[in-house]
Amino acid sequence: GRLCELFEQWWQQRLVGREQLDQRYQDLLWARGTPTAFELDELPFTGIPQGVDGDGRLRVEGPDGKVKAYGLDRLRFALR
């Protein structure tokens with residue numbers, strides 16, 4: 001079915017090169033470059049998602065202009 005086709009496409013992309021797949025993921029990252037409400041260590045935080053680092057952590061530009069990487073243990077999208 002369609003799911004198998006999509007998996008096959010993903011697998012072929014994976015074989016072609018991780019860099020291309022990683023770039024595609026970065027390109028499709030939701031809210032990239034847009035101020036977004038988060039909770040950082042359970043406190044309100046507004047940041048701008050910049051991408052994902054090699055360890056899968058979200059890279060976010062904070063109000064101070066610095067970009068830091070956060071894992072799901074510390075950073076969550078805020079509920080609206």
S.K.: Can you pull out every ring-ring contact (aromatic ring centres under 6.0 Å, His included) where at least one residue sits in residues 49-77? Sequence neighbours excluded, please.
M.R.: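 Output for this query lists W30-F77, F38-F77.
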S.K.: Rounded to the nearest 0.5 Å, what's the gap from OG1 on T34 to CD1 on I48? Could you check?
M.R.: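 Answer for the OG1-CD1 pair, T34 versus I48, is 8.0 Å.
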S.K.: Considering residues at least two apart in sequence or located in another chain, which fulfil the ring pair (Phe, Tyr, Trp, His ring centres under 6.0 Å) criterion with F45?
M.R.: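 Partners of F45 by the ring pair (Phe, Tyr, Trp, His ring centres under 6.0 Å) criterion come out as none, since no residue qualifies.
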S.K.: In this structure, would V60 and L40 fall into the same cluster of hydrophobic residues linked by side-chain contacts under 4.5 Å?
M.R.: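 Yes; tracing contacts between hydrophobic side chains, which count when under 4.5 Å, links both residues.
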S.K.: Which distance, rounded to the nearest 0.5 Å, do you find between the CD of Q50 and the CG of L58?
M.R.: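 Going from CD on Q50 over to CG on L58, the span is 9.0 Å.
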S.K.: Considering residues, nucleotides and ligands other than L6, do more than 12 of their heavy atoms fall under 6.0 Å from its CG?
M.R.: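 Atom CG in L6 is crowded, with more than 12 foreign heavy atoms closer than 6.0 Å.
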S.K.: Is the CD atom of E42 crowded by more than 12 outside heavy atoms at less than 6.0 Å?
M.R.: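 Counting neighbours around CD of E42, 12 or fewer heavy atoms of other residues, nucleotides or ligands fall under 6.0 Å, so no.
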S.K.: Taking salt bridge (charged side-chain N to carboxylate O under 4.0 Å, His left out) as the cut-off, I'd like each qualifying pair that reaches into residues 64-77, sequence neighbours left out, listed once.
M.R.: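 Matches after skipping sequence neighbours: D41-R74.
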